[in-house]
Amino acid sequence: MTSRFDSGECKLAYQDLGPSDAPALILAHPLGFGQHVWHGVLSELHSQLRVITYDLRGHGGSDCPEPPYSMGTLIRDTETLLDHLEIRDCVFLGAGIGGLVAQGLAVKRLDQIRAMVLCGTAAKIGYPAHWKSRIETVRLDGIEAIATEVLKRSFSRKFLASCDLQRWHQSVLQQNPDGYIGCVQAISGTDFYTPTSGLRLPTLGLVGSDDRITPPDLMRETVDLIPGSQFQLFRGAGHLPFVEQPSAFADHLTKFLKTIGHI
């Protein structure tokens with residue numbers, strides 16, 4: 001069941017699943033997709049976890065304030081949600097823009113995060129010129145103008161040939177253009193190489209071998225900023241390995257959680 005939390009700046013849609021006194025796992029979705037993107041992996045996760053999924057502002061069931069957004073604003077949204085839920089010492093799994101939120105929140109609130117899982121993300125994603133072009137396209141022609149490209153870059157060719165493409169196409173089309181633009185602006189203005197290199201917490205990096213948005217070398221470069229971090233490659237998967245290979249994804253995540261004593 002989806003709930004709504006008023007952060008004081010906007011209302012965030014979230015789900016709080018599992019025992020309330022269990023170790024917490026937070027899942028933050030990538031750009032252009034809502035919390036529904038975790039559906040396939042949720043049933044594979046350990047039953048003794050408290051799993052929180054939520055929609056970033058401008059996505060899914062959350063409010064869509066007028067852009068621009070900053071990464072600091074997205075981090076503050078998440079911080080206040082976790083405070084509202086009285087969550088401390090969680091493991092935070094962030095994909096894409098969710099991974100940037102994870103890094104920023106870990107720098108700001110180590111009392112909230114004891115370990116971090118980064119999937120298909122980086123300390124810096126893309127370049128301002130690229131993001132500026134994306135913003136102009138969406139502003140002029142809407143989400144429809146980029147939906148097909150987003151899918152082609154998000155999934156492996158094998159998965160695209162076998163999945164219900166219409167379902168995922170509609171998922172992208174349902175995103176609010178203003179929310180998409182605002183989050184793109186937040187990504188464009190973010191460079192976490194220096195703050196992330198100062199982190200000292202257990203970290204696992206997960207990436208698909210066919211990820212064309214945050215390629216494996218970029219992902220490895222980011223997790224290598226954190227001493228003692230682990231890295232796992234999903235052969236044949238694209239930018240969203242938790243969608244393409246949910247069982248394998250959950251297995252590697254569970255192994256990490258056990259290694260750090262979270263379950």
Side-chain angles (χ1 to χ4, degrees), residues 14-30 35 37-38 41-42 44-54 56 71 74-123 192-208 214 216 219-234 240-242 246 248-263:
Y14 71 93
Q15 292 190 77
D16 189 349
L17 309 169
S20 61
D21 59 348
L25 172 68
I26 316 302
L27 307 180
H29 63 80
Q35 59 181 306
V37 80
W38 302 109
V41 82
L42 286 177
E44 305 281 349
L45 295 177
H46 200 286
S47 61
Q48 294 304 307
L49 282 169
R50 180 186 181 188
V51 182
I52 311 296
T53 68
Y54 73 106
L56 298 175
M71 187 56 60
L74 301 181
I75 292 166
R76 187 166 61 250
D77 286 344
T78 306
E79 174 188 9
T80 55
L81 174 61
L82 297 191
D83 278 338
H84 168 71
L85 297 173
E86 298 182 341
I87 289 176
R88 295 291 184 272
D89 298 320
C90 74
V91 173
F92 198 106
L93 193 171
I97 188 174
L100 290 171
V101 172
Q103 293 169 70
L105 187 61
V107 169
K108 185 178 183 182
R109 292 290 301 273
L110 272 178
D111 61 313
Q112 290 185 337
I113 300 181
R114 66 173 297 244
M116 187 167 58
V117 180
L118 302 176
C119 179
T121 190
F192 277 155
Y193 272 99
T194 297
T196 296
S197 67
L199 289 173
R200 300 293 183 270
L201 78 168
T203 300
L204 171 65
L206 302 171
V207 68
T214 51
M219 182 81 231
R220 186 183 288 275
E221 180 183 50
T222 295
V223 297
D224 282 351
L225 295 171
I226 305 171
S229 61
Q230 301 175 41
F231 181 84
Q232 177 63 46
L233 185 71
F234 291 88
L240 310 179
F242 45 88
F249 187 91
D251 285 345
H252 287 294
L253 175 59
T254 299
K255 181 180 179 181
F256 175 71
L257 297 178
K258 289 181 177 178
T259 297
I260 64 173
H262 201 63
I263 53 175

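Values below: all heavy atoms of this structure, side chains included; hydrogens, waters and symmetry mates excluded.
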Exercise for the section: With sequence neighbours excluded, tell me which residues meet side chain to side chain contact (heavy atoms under 4.5 Å, CB included) with His46. Expected result: Gln48, Leu49, Ile263

Practice task
Report yes if the side chains of Met71 and Phe192 come closer than 4.5 Å at any heavy-atom pair, otherwise no.
Solution key: yes

Exercise for the section: Could you tell me which non-hydrogen atom of Arg200 sits nearest to which non-hydrogen atom of Pro227, and how far apart they are? Expected result: NH1-CD, 3.4 Å

Practice task
Report the distance from atom SG of Cys90 to atom CG of Leu25, rounding to the nearest 0.5 Å.
Solution key: 8.0 Å

Problem - Non-hydrogen side-chain atoms of Leu27 and Gln35 separated by less than 4.5 Å - result: no

Practice task
Determine, step by step, whether Leu253 and Leu257 satisfy the side-chain contact (heavy atoms from CB on, under 4.5 Å) criterion, reporting the C-alpha distance in whole Å, the side-chain angles of both residues, the deciding distance to 0.1 Å, and the verdict.
Solution key: CA-CA 6 Å; Leu253 175 59; Leu257 297 178; 4.2 Å; yes

Practice task
Mind checking the CZ-CG spacing from Arg220 to Leu233? Nearest 0.5 Å is all I need.
Solution key: 8.0 Å

Handout entry: Any side-chain heavy-atom pair of Leu81 and Asp77 under 4.5 Å
Key = no

Handout entry: CG on Leu100 to CG on Leu105, rounded to 0.5 Å
Key = 12.5 Å

Problem - Qualifying side chain to side chain donor-acceptor pair (under 3.5 Å) pairs, either residue in residues 100-109, two or more places apart - result: Glu79-Lys108, Glu79-Arg109, Asp83-Arg109, Gln103-Thr196, Arg109-Asp111

Problem - Note, Phe242 side chain near Pro30 side chain (heavy atom, < 4.5 Å) - result: yes

Handout entry: Check: Thr222 side chain, Ala123 main-chain N or O, donor-acceptor pair, under 3.5 Å
Key = yes

Practice task
With the side chain counted from C-beta on, respond yes when Phe92 and Val101 share a heavy-atom pair under 4.5 Å apart, and no when they do not.
Solution key: yes

Exercise for the section: Might you work through the side-chain contact (heavy atoms from CB on, under 4.5 Å) test for Leu204 and Ile260, ending with a clear yes or no? Expected result: CA-CA 11 Å; Leu204 171 65; Ile260 64 173; over 6 Å; no

Problem - Side chain to side chain, Pro202 and Arg114, heavy atoms closer than 4.5 Å - result: no

Exercise for the section: Quick one: sort the Phe234 and Phe249 rings into parallel, tilted or perpendicular, breaks at 30° and 60°. Expected result: parallel

Handout entry: Check: Trp38 main-chain N/O paired with His29 side-chain donor or acceptor under 3.5 Å
Key = no

Exercise for the section: Compare every heavy atom of Leu93 with every heavy atom of Cys119, then report the nearest pair and how far apart it is. Expected result: CB-CD2, 4.5 Å

Handout entry: Point-to-point distance, once rounded to the nearest 0.5 Å, from OG1 of Thr80 to CD1 of Ile75
Key = 12.0 Å

Exercise for the section: Rounded to the nearest 0.5 Å, what's the gap from CD1 on Ile113 to CG on Leu82? Could you check? Expected result: 7.5 Å

Handout entry: Check: Leu118 main-chain N/O paired with Thr121 side-chain donor or acceptor under 3.5 Å
Key = no

Practice task
Look only at the side chain of Thr254 and the backbone of Asp251, and say whether a donor-acceptor pair between them is shorter than 3.5 Å.
Solution key: no

Exercise for the section: Test Leu42 against Thr53 for side-chain contact (heavy atoms from CB on, under 4.5 Å), laying out the working first. Expected result: CA-CA 10 Å; Leu42 286 177; Thr53 68; 4.3 Å; yes

Practice task
Taking all heavy atoms of Met219 and all of Val207, pick out the closest pair and write down the distance.
Solution key: CG-CB, 3.6 Å

Practice task
Output the distance between atom CG (Leu206) and atom CD (Gln230), rounded to the nearest 0.5 Å.
Solution key: 9.5 Å

Handout entry: Residue pair Ile26, Gln112: steps toward the side-chain contact (heavy atoms from CB on, under 4.5 Å) verdict
Key = CA-CA 11 Å; Ile26 316 302; Gln112 290 185 337; over 6 Å; no

Practice task
Over all heavy atoms of both residues, which pair between Gly208 and Pro216 is shortest? Give the atoms and the distance, please.
Solution key: O-CG, 3.6 Å

Handout entry: For Leu199 against Met116, the heavy-atom pair lying closest together
Key = CD1-CE, 3.8 Å

